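What you see is a predicted model; the values in this text were computed from it and never measured.
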Amino acid sequence: MKITVIAVGKIKERFYREAVAEYEKRLSRYCKLEIIQVEDEKTPDRTGQALETEIKRREAERIMRYIRDDAFVVTLEIRGKMYDSEEFAGAIERLAVQGTSHIQFIIGGSLGLHEDVCKKADRAVSFSKMTYPHQLMRVILLEQIYRAYRIMNGEPYHK
């Protein structure tokens with residue numbers, strides 16, 4: 001299966017880049033992983049609703065260039081469905097059994113995702129009601145995908 005992560009913004013901190021690289025290496029045993037970074041918009045400290053919407057719209061245009069019609073699209077959203085690790089693994093496994101060969105996970109920028117991207121999603125997933133930095137979310141997502149493959153293969157993982 002091919003897994004693509006489409007994420008807004010570059011990872012600036014070295015420790016996040018190292019964590020992403022580690023999970024890329026670990027996941028190479030299980031799937032073909034692709035990470036696509038799209039440019040983020042500068043966000044002033046005090047923005048009004050109109051400017052926030054415009055920033056998300058611009059980021060959405062960049063994201064939408066990479067969304068494939070033949071992929072199963074999963075957006076990461078606070079209002080999405082919450083899974084535990086076993087349920088998340090089961091969801092990925094069911095998609096594979098049903099013939100899905102490509103899953104795209106989409107992580108928005110600091111303001112989240114524009115509604116146009118959310119409408120393209122086949123599923124919205126939430127990792128928590130809390131807000132995380134979008135750079136950290138990339139690491140968390142990759143760790144959970146790796147954990148899901150370990151679970152699907154009956155391999156030990158930390159509970």
**Request:** Decide yes or no on side chain to side chain contact (heavy atoms under 4.5 Å, CB included) for I3 and Y149, but give the supporting numbers first.
**Result:** CA-CA 12 Å; I3 303 281; Y149 275 104; 4.0 Å; yes

**Item:** Residue pairs involving residues 28-40 (criterion salt bridge (Lys or Arg N to Asp or Glu O under 4.0 Å); sequence neighbours excluded)
**Value:**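 For residues 28-40: K2-E34, R29-E155.
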
**Message:** Can you list everything that forms a ring pair (Phe, Tyr, Trp, His ring centres under 6.0 Å) with F72? Sequence neighbours excluded, please.
**Reply:**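 If we apply the ring pair (Phe, Tyr, Trp, His ring centres under 6.0 Å) test to F72, skipping adjacent residues, there are no hits.
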
**Request:** Return the set of residues passing side chain to side chain contact (heavy atoms under 4.5 Å, CB included) with S101 (not counting sequence neighbours), or none when no residue passes.
**Result:**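 Side chain to side chain contact (heavy atoms under 4.5 Å, CB included) list for S101, sorted by chain: empty.
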
**Prompt:** Hey, what do you get for OG1 (T131) to CG (L136), rounding to the nearest 0.5 Å?
**Reply:**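 The distance works out to 12.0 Å.
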
**Request:** State plainly whether the residues E143 and R147 are in salt-bridge range, i.e. N to O under 4.0 Å.
**Result:**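 Looking at E143 and R147, the cut-off is met.
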
**Request:** Please examine the side chains of R62 and E41, heavy atoms only from C-beta on, and report whether any two atoms are closer than 4.5 Å.
**Result:**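 Yes, close enough: below the 4.5 Å cut-off.
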
**Prompt:** Is K56 salt-bridged to E59, cutoff N-O under 4.0 Å?
**Reply:**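 Not counted as a salt bridge, because no side-chain N and carboxylate O are separated by less than 4.0 Å.
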
**For I103, the option from I145, L95, D122 that meets side chain to side chain contact (heavy atoms under 4.5 Å, CB included)** =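 Per the side chain to side chain contact (heavy atoms under 4.5 Å, CB included) rule, the option paired with I103 is L95, out of I145, L95, D122.
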
**Item:** Residue pairs passing the salt bridge (Lys or Arg N to Asp or Glu O under 4.0 Å) test where at least one lies in residues 123-141, sequence neighbours excluded
**Value:**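 Qualifying pairs, neighbours excluded: none.
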
**Joint cluster assignment, V74 & V97, ILVMFWY side-chain distance < 4.5 Å** =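 No, because V74 and V97 fall into different hydrophobic clusters, even though each may have its own neighbours under 4.5 Å.
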
**Message:** Using a 4.5 Å cut-off between side-chain heavy atoms of Ile, Leu, Val, Met, Phe, Trp and Tyr, which other residues end up in the same hydrophobic cluster as M64?
**Reply:**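 M64 clusters with I6, V8, I36, V38, I63, Y66, I67, V73, I106, L113, V117.
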
**Set of salt bridge (charged side-chain N to carboxylate O under 4.0 Å, His left out) partners for R79, sequence neighbours left out** =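 By the salt bridge (charged side-chain N to carboxylate O under 4.0 Å, His left out) rule, R79 matches E77.
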
**Request:** Kindly write out the residues that satisfy ring pair (Phe, Tyr, Trp, His ring centres under 6.0 Å) with Y83, not counting sequence neighbours, or none if the list is empty.
**Result:**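 Y83 satisfies ring pair (Phe, Tyr, Trp, His ring centres under 6.0 Å) with no other residue.
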
**Request:** Hydrophobic side-chain clustering at under 4.5 Å (ILVMFWY, transitive links): who's grouped with L111? Put none if nobody.
**Result:**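 Other cluster members: L51, I55.
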
**Item:** Residues which pass salt bridge (charged side-chain N to carboxylate O under 4.0 Å, His left out) with E61, listed by chain and number, not counting sequence neighbours
**Value:**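 Applying salt bridge (charged side-chain N to carboxylate O under 4.0 Å, His left out) to E61 gives R57.
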
**Message:** Measuring from atom CD1 of I11 to atom CD of Q37, what distance do you get when rounded to the nearest 0.5 angstrom?
**Reply:**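 It comes to 6.0 Å.
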
**Message:** Restricting to side chain to side chain contact (heavy atoms under 4.5 Å, CB included), what partner residues turn up for D84, sequence neighbours left out?
**Reply:**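 Applying side chain to side chain contact (heavy atoms under 4.5 Å, CB included) to D84 gives E86, E87.
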
**Prompt:** Quick one: side chain to side chain donor-acceptor pair (under 3.5 Å) partners of R14, sequence neighbours excluded?
**Reply:**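 By the side chain to side chain donor-acceptor pair (under 3.5 Å) rule, R14 matches E18.
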
**Item:** For T100, side chain to side chain donor-acceptor pair (under 3.5 Å) partners two or more places apart
**Value:**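 Not a single residue meets the side chain to side chain donor-acceptor pair (under 3.5 Å) criterion with T100.
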
